[in-house]
Structures are given as C-alpha cells and as structure tokens.
Amino acid sequence: MKSVTARGCVWGAGIGALVAAAAVDLLASGTDRGVGWPQAAVLLIGGAAVLWPAHRRPLWLTPQLRTVVPAVGSLLCTADSVLRSGALFGPGEPAILLCLLFVAVRHCPRTSVMPCASLVGAAVLALPARPFADDEDFMLAYMLVGFVLIGLTVAFAAYLRSQDYRRTVAVSETRRSERLAIAADLHDFVAHHVTGILVQTQVARMMADTDSDELDPVLAGIERAATEALASMRRTVGVLRDTADAADRRPVGDLAGIAGLVDGFSSPVQKAALHREPVVPEDLPHEVQAAAFRVVQEALTNVRRHAGDASEITVGLRYERERLEVTVSDDGRGGSQLPPAAHGGGFGLVGLKERVTALGGELYAGPRAGDGWEVRALFP
C-alpha cells in the first residue's frame, strides 16, 4: 500500500479544484447567458490536455498541441460570443487556460515557447470580452486581473524551467566527471598491466633462445599481469553497469599495495626496489594513499614505455613535516623496444598532476642529474 505524501495531497487538491471549477461552468449552461456547447467542448478538450497522465500520454500529444488547440478553441468561442450570444464565462475556463499557460512556458521547446504562451495568454485576456463587450470599464478591470494572473503563472513556470535546466546541467557535469574518472582508471590500471604484458613478452621471446630455464617466471608474470588487467576491466564495466560490489567501488590502491606493485614490476632485466622510511604512517587519508599508488603505478608504466634500457628503478616513500613524498627514479636513457602504438598519448602525467593538485600537492617529472628520469609527488 502506497503512503500518502504532501505532494500527492496538493496534486489531488489541485485536480479537485480544477474539476469543481469546470463543473461550475457546466452548471451555468442552463441559464440564458450561460456556457454554451462550444464552451463546454473547450472545457472538455482543455481539461483532458491538463489532466491526461504523463505515463499514458501518446507521443503525438506534444506540449505545443496541448496548449494551442484549447487556446484556439477558446478564442473562437470568445469571437462567437462577442458577435452573437454574449455568453458569460465561469472560473473553470480561465483556470484551465492558466494551467495550459504553465505547461507552455515550462515544457514547450525553446523555439515554440513564445508563440504558444502568447496564444494562451491572449485567450485568457479575451475572456472578459464575452459578457462586457459593451462595458469597457468592467472589461479592462477583468483584463487587469488577467494580466496579474498571467504574470504570476509565467514567473512560476519560468522559475521551474530554469531549475530543470540547472538540474540537467548538473547531471551532465556529473556524468562527464564520472566518465573522466573511469577513463583515468582505465589508463592507470589496464594500461599498466598491458604494458607489463608487452615487456615481459619481449623478454620471453629473447629468453626462449638463450635461457629457457628462466622462462617459467617470466610466463608466470605475463599470466599475473593479464589476470590483473581483466580484473581491472571487470571492475570498470561493473561500475558502468551499476553491478559492481561495494568493495569494488572504493578507490583501488594504498601504500601497502605499492610494495606488491614494485615486486610485480621487477624482471630479470629490470630490478625495482622500494625504500620506505619507518616513520611513514599507516593511517594517512585513503585518497592520499590512492593518489600515491597511482603516482608509482604511472611512473613504473612510463619506465616500461620510455626507458626500456633502465636496469635499476627506485621507489621512495618519505614522511617529513606532515608531508608525504613519493619518488620514482630510474637510470635509463630513453631506450624502448615497444611498438609506437604502446607509447601512450601523453595523458598519464596530465591526469596525475590533476589528481595530485586536487589534494593540494605538487608533482614534478623531469630528468635526473646524470642519466635517468624522476617523478616526485608531495602530498600535504
């Protein structure tokens, strides 16, 4: 059983008031100058345009059609009344037209808002001409009231339309930022593992002819890197499909994971070592630990891509003056045997700089004194 909400009560009261006002118009049709059949048809068409449920509304019943047809019908009835009968108008028809004016301003496309709203507004202002065509004072007084009601309706509908636009922009920006975050995850994790597969495959090809006894650890490293790449891809797809577990949604990587990252990087050709000072705390904020993990991961990936001749890679973690310093340095000279397609597009360091500076840190990447390259990040 559904619970009754305040919004539902207001919506029901509004529908009841609109139906009651239309009923007053129809009851007045029994008088000599009451509502005629043309006005009753306008009430029926306008009421259907206002009250037709949105989930059951056909595609052809656009906001333009919903507002223009009843407004045109009301104007024709007003013209017929002025020329012939001089009929009265009750509260139902103005209420329905004001509701349609609200629909026109809030829901019509930008190119058709002004024509549709102007037509409905003209229908509202023309209503006093039916009984007071010969009395300008009463007609102007009623038209002044109509102006006020039109202004209030247009202002309220325009405010809600602006809120809808802001909400749409906010949702678009949120989706864009989520896409950028997912792209960063794909680059940071999948590219790292796939680059490792390429490098270790090249090592395996060289060892197949010279040192087949040492081939098994290299193949095991290829298998591990491929498994981690598939796991990273599965996590990303799970987030996109909203099926990932809560554990898979949290940021991946911390200071403890850097040790495994460095161990997995080492190969018979390249040796990597981690130097972590004992004073580095374990309870740093998780976003800082995840960013440090990404810095090391991206730096090691770049070593594989651009410094294949490096023999020693050093990863350092220092903590001094409440600042975490992460360094990754190598002794390579820029030699690489990877195919051009595997060299990357240059977005890794850009993404790292955005990630580090977002936490109030600093990132440096450049050549060392002598041979090699160094990446250094400072986190407050």
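Met139 and Phe147 fall within a single hydrophobic cluster, where Ile, Leu, Val, Met, Phe, Trp and Tyr are joined by side-chain heavy atoms under 4.5 Å apart, directly or via other members. By the rule that hydrophobic residues join a cluster once side-chain heavy atoms approach within less than 4.5 Å of another member, Val68 and Met114 end up as members of separate clusters. Side-chain heavy atoms closer than 4.5 Å link hydrophobic residues (I, L, V, M, F, W, Y) into clusters, and following such links, even through other members, never connects Leu100 to Val72. Linking ILVMFWY residues whenever their side-chain heavy atoms come closer than 4.5 Å, directly or via other members, places Leu274 and Phe293 in the same cluster. The hydrophobic clustering, which links ILVMFWY residues whose side-chain heavy atoms are closer than 4.5 Å, places Leu101 and Ile45 apart.
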Practice task
Tell me, with the steps shown, if Phe379 and Val295 meet side-chain contact (heavy atoms from CB on, under 4.5 Å).
Solution key: CA-CA 11 Å; Phe379 297 96; Val295 169; 4.2 Å; yes
Exercise for the section: Go through Trp52 and Leu61 one step at a time and tell me if the side-chain contact (heavy atoms from CB on, under 4.5 Å) criterion holds. Expected result: CA-CA 10 Å; Trp52 202 315; Leu61 190 58; 3.6 Å; yes
Exercise for the section: Would you sort out whether Val103 and Val50 count as a side-chain contact (heavy atoms from CB on, under 4.5 Å), showing the intermediate values? Expected result: CA-CA 8 Å; Val103 172; Val50 173; 5.8 Å; no
Problem - Working for salt bridge (charged side-chain N to carboxylate O under 4.0 Å, His left out), residues Arg276 and Glu282 - result: CA-CA 12 Å; Arg276 174 174 175 171; Glu282 297 283 352; 3.1 Å; yes
Practice task
Dump the intermediate steps for side-chain contact (heavy atoms from CB on, under 4.5 Å) on Leu261 and Leu300, then the final yes or no.
Solution key: CA-CA 9 Å; Leu261 195 64; Leu300 293 179; 4.2 Å; yes
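The shortest non-hydrogen separation linking Val42 to Cys77 is CG2-SG, 3.6 Å. Between Val356 and Ala377, the shortest heavy-atom contact is CG2-CB, 4.5 Å. Smallest separation of non-hydrogen atoms from Pro91 and Val24: CD-CG1, 4.0 Å. The two residues Ala71 and Leu97 come nearest to each other via the heavy atoms CA-CD2, 4.4 Å. A pairwise comparison of heavy atoms in Thr78 and Ala129 identifies CG2-CB, 4.4 Å as the closest pair. Of all heavy-atom pairs spanning Ala126 and Leu75, the tightest one is CB-CD2, 4.0 Å.
Listed for the Ser118 side chain is no donor-acceptor partner under 3.5 Å among the backbone atoms of Pro115. Checking side-chain atoms of Asp330 against main-chain N and O of Gly372 turns up no donor-acceptor pair under 3.5 Å. Remark: side-chain polar atoms of Arg106 are not paired, donor with acceptor, to backbone N or O of Ala157 under 3.5 angstrom. Counting only distance, with no hydrogens or angles, the side chain of Glu325 and the backbone of Leu378 share no donor-acceptor pair below 3.5 Å. Without hydrogens or angle criteria, Thr153 side chain to Leu149 main chain gives a donor-acceptor distance under 3.5 Å. Using a distance-only test at 3.5 Å, with no hydrogens or angles considered, no donor-acceptor pair links the side chain of Arg368 to the main chain of Ser329. A donor-acceptor contact shorter than 3.5 Å links the side chain of Arg161 to the backbone of Val105.
A salt bridge links Asp164 to Arg167: one of the charged nitrogens lies within less than 4.0 Å of a carboxylate oxygen. Looking at Glu277 and Arg318, a side-chain N of the basic residue comes within less than 4.0 Å of a carboxylate O on the acidic one, giving a salt bridge. Comment: Glu173 does not engage Arg166 in a salt bridge, judged by the lack of any side-chain N to carboxylate O separation of less than 4.0 angstrom.
Once rounded to the nearest 0.5 Å, the distance linking CG of Leu255 with CD of Gln289 reads 4.0 Å. Expressed to the nearest 0.5 Å, how far CD of Gln64 lies from CG of Leu119 amounts to 12.5 Å. Expressed to the nearest 0.5 Å, how far CZ of Arg66 lies from SG of Cys99 amounts to 10.5 Å. How far CD of Gln39 is from CG of Leu127: 9.5 Å, rounded to the nearest 0.5 Å.
No more than 12 heavy-atom neighbours from other residues, nucleotides or ligands sit within 6.0 angstrom of CZ on Phe156. Within a 6.0 Å radius of CZ in Phe102, other residues, nucleotides and ligands contribute more than 12 heavy atoms.
Considering only heavy atoms from C-beta on, Ile258 comes within 4.5 Å of Leu317 through its side chain. Using a 4.5 Å heavy-atom cutoff, the side chains of Thr357 and Glu362 are not in contact. His275 places a side-chain heavy atom less than 4.5 Å from the side chain of Thr314. At least one side-chain heavy atom of Leu51 sits under 4.5 Å from a side-chain heavy atom of Val19. Inter-residue side-chain proximity for Val328 and Ile313 is flagged as met; some heavy-atom pair is nearer than 4.5 Å. Side chains of Val375 and Tyr364 form no contact here, defined as non-hydrogen atoms less than 4.5 Å apart. When side chains are defined from C-beta on, Leu324 counts as touching Leu284, because their heavy atoms get closer than 4.5 Å. Residues Trp373 and Val303 form no side-chain contact, since every pair of their non-hydrogen atoms from C-beta on lies 4.5 Å or further apart.
Counted by atom type alone, Glu93 and Ser74 present one or more donor-acceptor pairs between their side chains at under 3.5 Å.
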